[in-house]
Amino acid sequence: MLRILVPSAALRCRLLSTLNMLVPCPCCRSLTLDRRADDQICKVCFWHDDGQDGDEAELVWGGPNGSLSLTQARANYKAFGACEKRFLSNVRPSKP
Ligand SMILES: [Zn+2]
């Protein structure tokens, strides 16, 4: 039986980071971050990447993203283009 090994999202991010390529923001999925969980702010949605992702997206971690969960930030980005309305003037469009 042929088995295809698909690297996990975390491993893909590490591989892309090793190749000096940008990795996707966990909120808007744009390629804006040098590496994950490194307290970088996404230029497309203004999410502060504190490492939250996957199963923990529903949780409110506090810290740099305040009372925002990643799930809410994603919904906000889809609705109006930033993780929070107050950051609309700080974001830029996503590149294709
Ligand atoms: Zn983003």
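All ligand and atom numbering here is 1-based and tracks the order in the structure. Worth knowing before you read on, the calculation uses all heavy atoms, side chains too, and leaves out hydrogens, waters and symmetry mates. Note that this is a predicted model, so its numbers are computed, not measured.
Residues satisfying the ring-ring contact (aromatic ring centres under 6.0 Å, His included) criterion with Phe87, sequence neighbours excluded, are Phe46. Partners of Asp53 under the side chain to side chain contact (heavy atoms under 4.5 Å, CB included) rule, at least two apart in sequence or in another chain, are Pro26, Arg29, Arg36, Leu70, Arg74.
Nearest approach of Leu33 to Asp49, heavy atoms of both residues: CD1-OD2, 3.6 Å.
Of all protein N/O/S atoms, those lying under 2.8 Å from the Zn ion (ligand 1) come to 4.
Between Cys42 and Cys28 the shortest side-chain heavy-atom distance falls below 4.5 Å.
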Kindly list each side-chain donor-acceptor pair under 3.5 angstrom involving residues 88-96, sequence neighbours excluded, with atom names and distances?
residue : atom : partner : partner atom : Å
Ser94   : OG   : Ser30   : OG           : 2.9

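Without hydrogens or angle criteria, Gln52 side chain to Leu59 main chain gives a donor-acceptor distance under 3.5 Å.
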